[in-house]
Amino acid sequence: MAVTSTISYCSDTNLLEVYPSLSGYDLKRRIYGWELSGSNKYFIRNSGLVTRLYADGKDAGAAQSSYGDVGTDEEWFYDSTSDTVWFVNTSASPNTQIMEAGDDWATVKTRFRRKASRLIESHLDNRLAREVLKDREGNYPEIIVHITALQTVILLLKAHDPTNEVITPFQDELNELIDGLKAGTIVLPTSISGDSSKGVIREVSVDSASDLRPVELRGHYHGSGYELIKVIVDSADDTIIGTATFSVYGKNSTTLKTDQIVSSKTINGDFQPIIGSLAIRWGTDDVATGLVKEDDEYEIELWGSSLDATISSVGSIRMTRN
């Protein structure tokens, strides 16, 4: 596990999807009680660590290197030795402004999203034993995105106010989803389960007027490793089941969806073998009139039945004797 990784499984947009009011928890804190020391130079003692200073919501910029460098309007310096902030304001007293200490909101969210990502990895380590992988479209699994966003929101809410009652429903949802992932009742699309050899059908390119769909798979793929096969309706012209044909293309030694393994087989509405013991069944809303369109294409993603599953619903229970 890459515990020092900077990967984040969710975005700022995902956080707002979970909790639209999150911007009210930017972790900035008010600083009160400024005193005047010389011309336009103000200070406050016992301020606590200040890494960024804001005046009426405006970022005062980077801190100066020393007290002596503070002289121009809105320049500031935090003296860690005396725990004192110095600030210059030529137009008004900071006591009439909203003075806040804290980090940039974008920086805060990035830091908490990364922390939440590492926590999610730790929660799921006994199932994943690795960082979460993206799917072949370059996206993290939606369930991982969501639980990371939940974890981030919870961390931000707790940092602002640990007693906030809003935390409870988010925590309950997070716990339920993590328990489901651990138990195997929720499966990541990038994981290999016990039934991955049964295949997953996806549409690739289908005419909007087509009534035909592959509605069911039966059997298992017993080949080695991974397979992504192409299923295409190769002969149809507004025809129906019993007339149209389909072909199937599988992998070769260098690429996927290339070598023809089923050639122009008539679609009959029953289970029809496509690779090994795996069979496909086609259907329409009306077998007598349902239209079939040529070049409708689907794909079936498969993992060999001999591959080790990366998730399992098998768990342990405590046995007691009466």
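One distance of note links CD of Glu121 with OG1 of Thr148; it measures 8.5 Å at 0.5 Å rounding. For the atom pair Ile147 CD1 and Phe170 CZ, the distance stands at 15.0 Å (nearest 0.5 Å). For the atom pair CD1 of Ile31 and CD of Glu100, the computed distance is 8.5 Å after rounding to the nearest 0.5 Å.
Around atom CD of Glu176, no more than 12 heavy atoms belonging to other residues, nucleotides or ligands sit under 6.0 Å away.
Of the possible donor and acceptor atoms, none in the side chain of Ser117 sits under 3.5 Å from a partner among the backbone N and O of Lys115. Put simply, the side chain of Glu227 gets close to the backbone of Lys251: a donor and an acceptor are under 3.5 Å apart. Put simply, the side chain of Glu75 gets close to the backbone of Gly71: a donor and an acceptor are under 3.5 Å apart. Between the side chain of Asp56 and the backbone N or O of Ile98 there is at least one donor-acceptor pair closer than 3.5 Å. With hydrogens and angles disregarded, a donor-acceptor distance shorter than 3.5 Å links the side chain of Gln272 to the backbone of Thr266. Between the side chain of Thr96 and the backbone N or O of Ser93 there is at least one donor-acceptor pair closer than 3.5 Å. With Asn14 contributing its side chain and Ser11 its backbone, the two residues share a donor-acceptor pair below 3.5 Å. With hydrogens and angles ignored, the 3.5 Å screen pairs a side-chain donor or acceptor of Arg114 with a backbone N or O of Thr6. Of the possible polar contacts, none joining the Asp259 side chain to the Gly250 backbone as a donor-acceptor pair under 3.5 Å is found.
Between the side chains of Glu203 and Tyr298, no donor-acceptor pair is found at a separation under 3.5 Å. Under 3.5 Å, the side chains of Tyr32 and Asn95 contain no donor-acceptor pair of N or O atoms. Under the 3.5 Å distance criterion, with hydrogens and angles disregarded, no donor-acceptor pair is assigned to the side chains of Thr84 and Asp79. Remark: the Asp234 side chain and the Ser264 side chain contain an N/O donor-acceptor pair separated by less than 3.5 Å.
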* To do: Carefully, step by step, assess Arg52 and Asp104 under the rule salt bridge (Lys or Arg N to Asp or Glu O under 4.0 Å).
  => CA-CA 8 Å; Arg52 208 77 181 179; Asp104 173 71; over 6 Å; no
* Which is it for Asp286 and Thr284 under the side-chain hydrogen bond (donor to acceptor under 3.5 Å, both in side chains) test, yes or no, and what are the steps along the way? -> CA-CA 5 Å; Asp286 188 328; Thr284 70; 5.9 Å; no
* Does the salt bridge (Lys or Arg N to Asp or Glu O under 4.0 Å) test come out yes or no for Arg213 and Asp296, once each step is laid out? -> CA-CA 9 Å; Arg213 293 292 188 278; Asp296 281 0; 5.1 Å; no
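Phe43 pairs in a ring pair (Phe, Tyr, Trp, His ring centres under 6.0 Å) with only one of the listed residues (Trp86, Trp76, Phe87, Trp34), which is Trp86.
The aromatic rings of Trp303 and Tyr226 stand perpendicular to each other, their planes meeting at an angle above 60°, with 30° marking the opposite boundary.
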Under 3.5 Å, which donor-acceptor pairs do the side chains of residues 44-51 form with other protein atoms, sequence neighbours left out?
residue: Thr51; atom: OG1; partner: Asp103; partner atom: OD1; Å: 2.8

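Using a 4.5 Å heavy-atom cutoff, the side chains of Thr152 and Cys10 are in contact. Looking at heavy atoms from C-beta onward, Ile144 lies in side-chain contact with Leu124 at the 4.5 angstrom threshold.
The cationic atom of Lys41 (NZ for Lys, CZ for Arg) lies less than 6.0 Å from the six-membered ring centre of Tyr67 and within 45° of the ring axis.
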